[in-house]
Amino acid sequence: MQPAADDRRRSARRPTDRPHPGATAIRHLTLDDLDLPNRRITIARHTQRLGELPHQTLLAWLAQRRTAWPKTPNRHVLINAKTALGTGPVSPEYLKRHLLHQGVHLERIRGDRVLHEALTVGADPLHLALVFNLSHTTASPYAAIAQKLLDDQSAGAL
C-alpha cells in the first residue's frame, strides 16, 4: 500500500520547511516575558540573560512598536499592522519572510548564543544544557568548541 500523496509531500519536506521550534517561541513571546531593567528574557519558559546588542535592539523595537501602534491590545513583542488590531501572534510565514529577508537564520543565532554562553562560563556542558534546555549530546560539542577556543586564547597569551 502506497502512502497518500499528502503523506509523501509531508515526508519529503526539508527540515527548513517545517516551523522552527524557536520561531514558534519567538512568535509567542509577550511583553511579560521581558525583564529589560534586569536584562532578562524568558523564551519557552527558560530565562536567559540579554547581551548588550539584543537588549538595545529590543529597546529600539519596543519604542518603534509604541510609536506605530500606541493603543494596541496585543501583548506579543512582535506584531505587525494586522496583528496590532487583535491579540494573536504574527504568522510563521511573516516571521520567516522578514527574518530571512534580513539574512537572519534562527539556528545560527541560537548557536552563537550557546557558544557565547559557553565561552563566558568556562565551557560547562551542564550549565549549557540547563540554560538552553539542551540535551547533553547537544551541549557537549558546544562546550568542547568553547574549551578549544579558550585553550587557544590562553596559548596565544603566553
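- In this structure, H98 contributes its side chain and Y94 its backbone to a donor-acceptor pair below 3.5 Å.
- Note on I43: it does not cluster hydrophobically with L130, by side-chain heavy-atom contacts below 4.5 Å among ILVMFWY residues.
- At a threshold of 4.5 Å between side-chain heavy atoms, the hydrophobic network of Ile, Leu, Val, Met, Phe, Trp and Tyr places V121 and V131 in two separate groups.
- Side-chain contact check for L50 versus L36: some heavy-atom pair is nearer than 4.5 Å.
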Candidate pair I41 and L29, rule side chain to side chain contact (heavy atoms under 4.5 Å, CB included), full reasoning
CA-CA 9 Å; I41 187 170; L29 190 66; 3.8 Å; yes
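- A distance-only check finds a donor-acceptor pair linking the side chain of R27 to the backbone of V90 [under 3.5 Å].
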After noting the C-alpha distance and the side-chain angles of T87 and R75, does the key distance pass the side chain to side chain contact (heavy atoms under 4.5 Å, CB included) rule?
CA-CA 7 Å; T87 58; R75 302 282 301 155; over 6 Å; no
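- The minimum heavy-atom distance linking A146 with L119 is given by the pair O-CD2, 3.7 Å.
- Sparse packing is recorded around NE2 of H116, with 12 or fewer heavy atoms of other residues, nucleotides or ligands lying under 6.0 Å away.
- For P125 against A139, the heavy-atom pair with the smallest separation is O-CB, 3.4 Å.
- With H136 contributing its side chain and L126 its backbone, the two residues share no donor-acceptor pair below 3.5 Å.
- Rounded to the nearest 0.5 Å, atoms OG1 (T42) and CG (D35) are 8.0 Å apart.
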Given Q48 and R40, is the side chain to side chain contact (heavy atoms under 4.5 Å, CB included) satisfied, shown in steps?
CA-CA 6 Å; Q48 301 174 26; R40 309 288 289 174; over 6 Å; no
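- The distance from the CG atom of L150 to the OG1 atom of T120 is 9.0 Å, given to the nearest 0.5 Å.
- Atoms OG1 and CD, on T57 and E52 in that order, are 9.5 Å from each other to the nearest 0.5 Å.
- Taking R113 as the reference, nothing meets the salt bridge (Lys or Arg N to Asp or Glu O under 4.0 Å) condition, with sequence neighbours excluded.
- Here the side chain of N74 pairs a donor or acceptor atom with the backbone of G88 at under 3.5 angstrom.
- Side chains of L78 and T83 form no contact here, defined as non-hydrogen atoms less than 4.5 Å apart.
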Can D33 and V77 be said to form a side chain to side chain contact (heavy atoms under 4.5 Å, CB included), step by step?
CA-CA 9 Å; D33 296 320; V77 172; over 6 Å; no
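- For the pair W69 and N80, the tightest heavy-atom approach, listed with the atom from each and the gap, is CZ2-C, 3.6 Å.
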